[in-house]
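Residue numbering restarts at 1 for every chain, and letters A, B, ... go by the order of the sequence lines.
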2 protein chains.
Amino acid sequence: MTKSADKNGKTRIQREKRKQILEAALDVFSQFGYRGSTIDQIAKAAGLSKPNLLYYFPSKDAIHAELLSGLMDSWLDPMRALNAEGDPKEEILSYVRRKLQMSRDFPRESRLFANEIIQGAPRILPAIEGELRDLVAEKSAIIQGWIDAGRIAPLDPQHLLFSIWSLTQHYADFEVQVRAIMPSEERVYPRAEEHLETLFTRMLSV
Amino acid sequence: MTKSADKNGKTRIQREKRKQILEAALDVFSQFGYRGSTIDQIAKAAGLSKPNLLYYFPSKDAIHAELLSGLMDSWLDPMRALNAEGDPKEEILSYVRRKLQMSRDFPRESRLFANEIIQGAPRILPAIEGELRDLVAEKSAIIQGWIDAGRIAPLDPQHLLFSIWSLTQHYADFEVQVRAIMPSEERVYPRAEEHLETLFTRMLSV
DNA sequence: CCCCATTTTGACCAAATGGTCAGGATCAGG
DNA sequence: CCTGATCCTGACCATTTGGTCAAAATGGGG
């Protein structure tokens, strides 16, 4: 009890290796989806043997579940920050910018999520029908309030949110396609940000 | 030579069964991705035994390849129809409407494509870097021409095309999420069409 | 209804996959 | 530097998977 089981219930090695494994698993799962990925692949990517990996996680499923559960929360953060008290147009534009930043900085997470949804969300449907749904309801109401007050142009708040998601996540999820079409363009994201700023500015102007 | 090998080089049964198989494979591949799908799954969905399926197609890969190659072409059709001679705003809006219709009528095809791209487009990268890239270049030039003529508001033509793709395909690829958030809403697509019409109208107005 | 081409099947195979286990290597506190 | 806990490995196992094959069933033109 003295040497092991520190405050976290884990040793230093456990913390390090678990992080390594999750990092590798993110690489693999985000590219091949759950069923298309193998424990061996993940183990190799993490620099471990398969039995060694299974010493840290009980199963393939457990790794995937841990990744997803950690993801959902941070994924919703940019939307949570949407503040009813702020300036409507600026609030929405900030949300778009934050979301685009996440596509740029965490494309693997975006693809992991996309894979899960496309395949019918077998593992996170509850979270979508719960947390996400509630959050959407809350923020839709705020946006509707802005519209009713004549502070932004009228539109469907829920579809506005869908538009924000699809426009921003596209750059991460379909990165290969984007790059194939603008190969020389190093600065995809700055241009994308400009474009989306233009788009939403025009769209929201009364 | 008399009884078999009609004009198509295939018998009636071959034509029927191959169609059945492709139909079933579309169901399965679009949901689980290539690596996540099994021949047995497809065979069962098509009402055949595995060896019987393999009598009609030489391998799992061949089925997938045939689906994808057939897809690429029809996928680009709506963009091909974009006509430099037409009214700019109406041309773009028609393109959006056609693309949204495809999401509504062929969601499995959309997801098959999305799966392929997310996973790095291992099988259709050439087509993307070829046909698609050329078509984008061509249509971007047309749009740029409209902008230069002051007929639509200025914006980045390539990113405009990305926006059209992402906004419309989202309703097919993330259908589960959309439905989870608007479960009561039977009329997702009519509303989506209205929303996108509003969005692009505002965006393109000088 | 005969006969050959076409279609279908069950049995089979090698490789891959998720997971287990006993024992050996290593680490760190005393 | 000893000792028990932690960490790691090779060997192993059952199941799944992509694919083959010989032989049986079926079909349809003559």
Check ion pair R80(A)-E131(A) (N to O, under 4.0 angstrom): yes
In whole Å, what is the span from the CG atom of D40(B) to the C1' atom of dG18(D)? 9 Å
Taking only N and O in the side chain of Y55(A), is any of them less than 4.0 Å away from OP1 or OP2 of dT20(C)? no
For K50(A), answer base if it contacts any base atom (sugar-phosphate contacts may also be present), sugar-phosphate if it contacts only those atoms, and nothing otherwise; contact means non-hydrogen atoms under 4.0 Å. base
Atom pair distance, as rounded to whole Å: CZ in F57(B) and P in dT7(C): 13 Å
side-chain N/O S49(B) vs dT8(C) OP1/OP2, d < 4.0 Å: no
Earlier contact from the 5' end, DNA chain C, for T38(A) and P51(A): T38(A)
Can you list every side chain to side chain donor-acceptor pair (under 3.5 Å) pair that touches residues 37-52 of chain B, not counting sequence neighbours? R35(A)-Q41(B)
Walking DNA chain D from its 5' end, the first of R35(A) and L53(A) to be reached, judged by nearest nucleotide, is L53(A)
Starting at atom CD1 of I42(B), determine the distance to atom C1' of dT16(D), rounded to an integer number of angstrom. 15 Å
Distance below 4.0 Å between Q14(B) side-chain N/O and dT6(C) OP1 or OP2: no
H195(A) side chain to H159(B) backbone, donor-acceptor under 3.5 Å: yes
Whole-Å distance separating the CG atom of L54(A) from the P atom of dC7(D): 15 Å
Does dT6(C) have OP1 or OP2 under 4.0 Å away from a side-chain N or O of K17(B)? no
Output the rounded distance in Å from OH (Y56(A)) to P (dG19(C)). 18 Å
Has N52(A) got a side-chain N or O lying under 4.0 Å from the OP1 or OP2 atom of dC7(D)? no
R123(B) with D61(B): basic N within carboxylate O range, under 4.0 Å: yes
Using whole Å, what does the distance between atom C1' of nucleotide dG18(D) and atom NE2 of H64(B) come to? 16 Å
Please tell me which of the listed nucleotides, dT20(D), dC8(D), dG19(C), lies nearest to the side chain of S59(A)? dG19(C)
Just to be sure I understand the rule, does I39(A) reach a base, reach only the sugar-phosphate, or reach nothing, if contact means heavy atoms closer than 4.0 Å? sugar-phosphate
Take the protein atom CG of L48(A) and the nucleotide atom P of dC8(D), then report the distance between them rounded to whole Å. 7 Å
Presence of salt bridge, E91(B) and K139(B), under 4.0 angstrom: no
Nearest whole angstrom, please: distance from the P of dT7(C) to the CZ of R15(B). 10 Å
